[in-house]
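Small disclaimer: the values here were computed from a predicted structure and weren't measured. If you read the sequence from its start, that first residue is 1, and numbering goes on from there.
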Amino acid sequence: MNIFWPIYAAMESSFPTTILGTVDPDFPKKRLSRKLAALRLRTSVGPSCQQRVLEQLDPSGPNVLWVFALGSRDLIYANLLEPIWSKFDYTVLNVVDTLQPDNLKPDDVNKFDLVTCFCGDLTKDFDRISDVPSIFFPAHSDILNAHSASSYRPLDLIVVGRRDRKLLAPIHKYFNAPERERVFIDLLTRTQMDHGAEDQFQILSGTYAKSKAAFCFEPSNVGRFQGYSPLTSRWIHAWAAGCSVIGSRPTGTGVAQQMDWPEATLELPSDPDAAIEFIERLLADEAGLAKRRNRNVAEALRRHDTRHRFRDVLSYLDIPIPPLLQQGLAELEARADALDDTTRH
């Protein structure tokens with residue numbers, strides 16, 4: 001997926017990384033069919049996956065298995081490595097989206113050493129079904145290589161993915177009316193052309209970086225979040241690109257501490273006419289846009305880069321921080337300090 005490409009890139013630049021990708025994108029949804037597919041994978045793909053891991057293991061260690069899990073299918077893929085599970089010094093289940101503990105057996109989780117959750121409230125659910133410790137692992141990206149404080153912002157407004165449709169429809173119509181000199185872009189996270197994940201992400205982040213303001217809305221009304229209100233990647237991408245973020249703040253556990261700088265998200269009025277007036281004032285305030293641009297990028301560098309997340313996990317597991325990761329963290333801090341100086345002056 002395009003939003004995972006920068007995470008992989010940050011991993012590979014921080015420590016030696018071997019990626020074992022999804023082997024069957026059309027994995028069936030029915031339970032019996034899934035069991036048969038899992039058996040087929042175990043015999044047809046399992047040995048080659050295991051052999052690849054054995055060839056890549058570092059004899060001096062430590063070797064960490066990191067399982068990205070959007071759903072239970074990803075645990076079925078991880079199970080292909082069960083015959084060599086003991087070869088890893090540490091195993092981490094990284095819950096990145098809709099994997100719900102109620103759909104799992106305790107043994108599915110208990111074989112891991114640590115569970116990391118993008119949603120602070122979801123950690124409590126994993127604690128309920130398992131003895132494995134779980135920690136909050138907020139949304140993140142490769143901010144070091146995908147950030148922009150450029151003042152060149154020919155696009156006024158951008159919305160990507162989820163939105164408050166009743167509020168956004170009249171706003172979109174208003175700002176894109178022929179008589180107004182504004183540009184409001186409604187962007188898909190995946191392009192319509194046949195681009196790979198890296199190119200898709202570069203197009204996404206590049207379009208954010210040419211925009212003055214981005215819409216982000218708290219996601220508790222999305223069915224798969226089951227009423228929880230986590231911080232999601234669209235905030236990270238918008239901050240890193242230097243956009244002023246407008247919409248509504250997530251309210252989940254731990255989120256407030258992840259966005260506690262001034263004007264991290266500007267709350268939009270729920271009435272479309274009032275929201276349009278609010279946005280017109282925001283776009284006319286060039287000094288305010290510039291101040292938020294530098295501050296949001298600096299905070300993204302300092303808080304939300306993937307390298308910060310992996311540093312926290314390695315520290316939790318009592319693994320020394322590798323030199324390349326230390327170097328990346330130092331560069332993030334230096335770039336954030338430079339933007340702080342720009343904002344103050």
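Both Phe310 and Val96 belong to a single network of hydrophobic side chains, linked directly or stepwise wherever heavy atoms of I, L, V, M, F, W or Y lie under 4.5 Å apart. Met259 and Phe118 end up in different hydrophobic clusters when Ile, Leu, Val, Met, Phe, Trp and Tyr side chains are linked at under 4.5 Å. Linking Ile, Leu, Val, Met, Phe, Trp and Tyr residues whenever their side-chain heavy atoms come within less than 4.5 Å places Ile236 and Phe68 in a single cluster. Taken together through direct or relayed side-chain contacts under 4.5 Å among Ile, Leu, Val, Met, Phe, Trp and Tyr, Leu93 and Leu114 form parts of separate hydrophobic clusters. In this structure, Val45 is not a member of the same hydrophobic cluster as Leu75, with clusters built from ILVMFWY side-chain heavy atoms closer than 4.5 Å.
Closest heavy-atom contact between Asn296 and Val245: ND2-N, 4.5 Å. When all heavy atoms of Ala275 and Ile171 are compared, the closest pair comes out as CB-CD1, 3.8 Å. The shortest non-hydrogen separation linking Pro106 to Ile129 is CB-O, 3.5 Å. Across all their heavy atoms, Cys49 and Leu80 have their closest contact at SG-CD1, 4.5 Å. Nearest approach of Asn294 to Ala149, heavy atoms of both residues: OD1-CB, 3.5 Å. Of all non-hydrogen atoms in Leu57 and Lys87, the two that sit nearest each other are CD1-CB, 3.7 Å.
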(Q) Working note: His237 + Cys216, criterion side-chain contact (heavy atoms from CB on, under 4.5 Å); need CA distance, chi angles, decisive distance, verdict. (A) CA-CA 10 Å; His237 299 154; Cys216 295; over 6 Å; no
Q: Apply side-chain contact (heavy atoms from CB on, under 4.5 Å) to the pair Val53 and Thr18, showing each step before the final yes or no.
A: CA-CA 8 Å; Val53 170; Thr18 298; over 6 Å; no
Q: Could you give me the CA-CA distance, side-chain angles and deciding distance for Asp107 and Lys105, then say whether salt bridge (Lys or Arg N to Asp or Glu O under 4.0 Å) is met?
A: CA-CA 5 Å; Asp107 287 347; Lys105 299 176 182 178; over 6 Å; no
Q | CA sep, side-chain torsions, deciding dist, call: Gln100, Leu122, side-chain contact (heavy atoms from CB on, under 4.5 Å) | A | CA-CA 8 Å; Gln100 297 294 334; Leu122 201 57; 3.8 Å; yes
Q: Take Asn103 and Ser72 through the side-chain contact (heavy atoms from CB on, under 4.5 Å) test and state the conclusion after the steps.
A: CA-CA 8 Å; Asn103 297 329; Ser72 57; 5.6 Å; no
Hey, can you pull the donor-acceptor pairs under 3.5 Å for the side chains in residues 316-326, sequence neighbours left out?
unit_1: Gln326; atom_1: NE2; unit_2: Ile321; atom_2: O; d: 3.1

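Checking each of Pro219, Pro230, Pro138 against Cys119 for a side-chain contact (heavy atoms from CB on, under 4.5 Å) leaves exactly one that passes, namely Pro230.
Put simply, the side chain of Asp74 does not reach to within 4.5 Å of the side chain of Leu99, judged on heavy atoms. At least one side-chain heavy atom of Asp305 sits less than 4.5 Å from a side-chain heavy atom of His308.
Note: Thr232 OG1 to Phe225 CZ = 6.5 Å, rounded to the nearest 0.5 Å. Remark: Glu198 CD to Ile203 CD1 distance equals 11.0 Å, nearest 0.5 Å. Rounding to the nearest 0.5 Å places OG of Ser248 at 8.0 Å from CG of Leu268. Atom CG of Asp186 is separated from atom CG of Leu157 by 11.5 Å, given to the nearest 0.5 angstrom. With rounding to the nearest 0.5 Å, the separation of CG in Leu289 from CG in Leu283 is 6.5 Å. A distance of 11.0 Å separates CG in Leu81 from CZ in Arg52, rounded to the nearest 0.5 Å.
Between the side chain of Ser130 and the backbone N or O of Phe126, no donor-acceptor pair lies under 3.5 Å. With Asp285 contributing its side chain and Leu282 its backbone, the two residues share no donor-acceptor pair below 3.5 Å. Put simply, the side chain of His304 gets close to the backbone of Gln258: a donor and an acceptor are under 3.5 Å apart. A donor-acceptor pair under 3.5 Å is absent between the side-chain atoms of Arg182 and the main chain of Asp156, judged by distance alone. Between the side chain of Asp312 and the main chain of Arg309, no donor-acceptor pair closer than 3.5 Å is present. With hydrogens and angles disregarded, a donor-acceptor distance shorter than 3.5 Å links the side chain of Thr91 to the backbone of Asp113. Checked by atom type and distance alone, the side chain of Thr253 never pairs as donor or acceptor with a backbone atom of Gly120 at under 3.5 Å. Side chain of Arg302 to backbone of Ala300: no donor-acceptor contact under 3.5 angstrom is found. Using a distance-only test at 3.5 Å, with no hydrogens or angles considered, a donor-acceptor pair links the side chain of Arg153 to the main chain of Ala209. Remark: side-chain polar atoms of Trp85 are paired, donor with acceptor, to backbone N or O of Lys111 under 3.5 angstrom.
The salt bridge (Lys or Arg N to Asp or Glu O under 4.0 Å) contacts involving residues 236-263 comprise Asp260-Arg303, Glu263-Arg292, Glu263-Arg295, where partners must be two or more places apart or lie in separate chains. Counting only residues at least two apart or in different chains, ring-ring contact (aromatic ring centres under 6.0 Å, His included) contacts with residues 131-151 comprise Trp66-Phe137, Phe137-His140. Sequence neighbours left out, the pairs with a member in residues 215-231 that pass salt bridge (Lys or Arg N to Asp or Glu O under 4.0 Å) are Asp97-Arg224. Listed by first then second residue, pairs satisfying salt bridge (Lys or Arg N to Asp or Glu O under 4.0 Å) with a partner in residues 122-141 read Asp102-Arg128, Asp121-Lys124, Asp125-Arg128, not counting sequence neighbours. Sorted by first and then second residue, the ring-ring contact (aromatic ring centres under 6.0 Å, His included) pairs involving residues 268-291 (not counting sequence neighbours) form an empty list. Every pair tested for salt bridge (Lys or Arg N to Asp or Glu O under 4.0 Å) that includes a residue from residues 3-21 fails, sequence neighbours excluded, so the list is empty. Among residue pairs with one or both ends in residues 164-175, those qualifying as side-chain hydrogen bond (donor to acceptor under 3.5 Å, both in side chains) are His172-Asn176, Tyr174-Arg180, Tyr174-Glu280; sequence neighbours excluded.
For Phe215 and Phe184, the ring centers are positioned less than 6.0 Å apart. No close placement of the Trp239 and Tyr208 rings is indicated, their centers lying 6.0 Å or farther apart.
Under the rule for a side chain to side chain donor-acceptor pair (under 3.5 Å), Arg162 has no partner lying at least two apart in sequence or in another chain. Under the side chain to side chain donor-acceptor pair (under 3.5 Å) criterion, Asn145 pairs with Asp142, not counting sequence neighbours. Residues forming a side chain to side chain donor-acceptor pair (under 3.5 Å) with Ser14 (at least two apart in sequence, or on another chain): none. Not counting sequence neighbours, Asn63 has no partner by the side chain to side chain donor-acceptor pair (under 3.5 Å) test.
Side-chain contact, Glu331 with Gln327: no donor N or O sits under 3.5 Å from an acceptor N or O.
Glu181 CD: 12 or fewer foreign heavy atoms inside a 6.0 Å radius. Atom CD of Glu286 sits in a sparse spot, with 12 or fewer heavy atoms from other residues, nucleotides or ligands closer than 6.0 Å.
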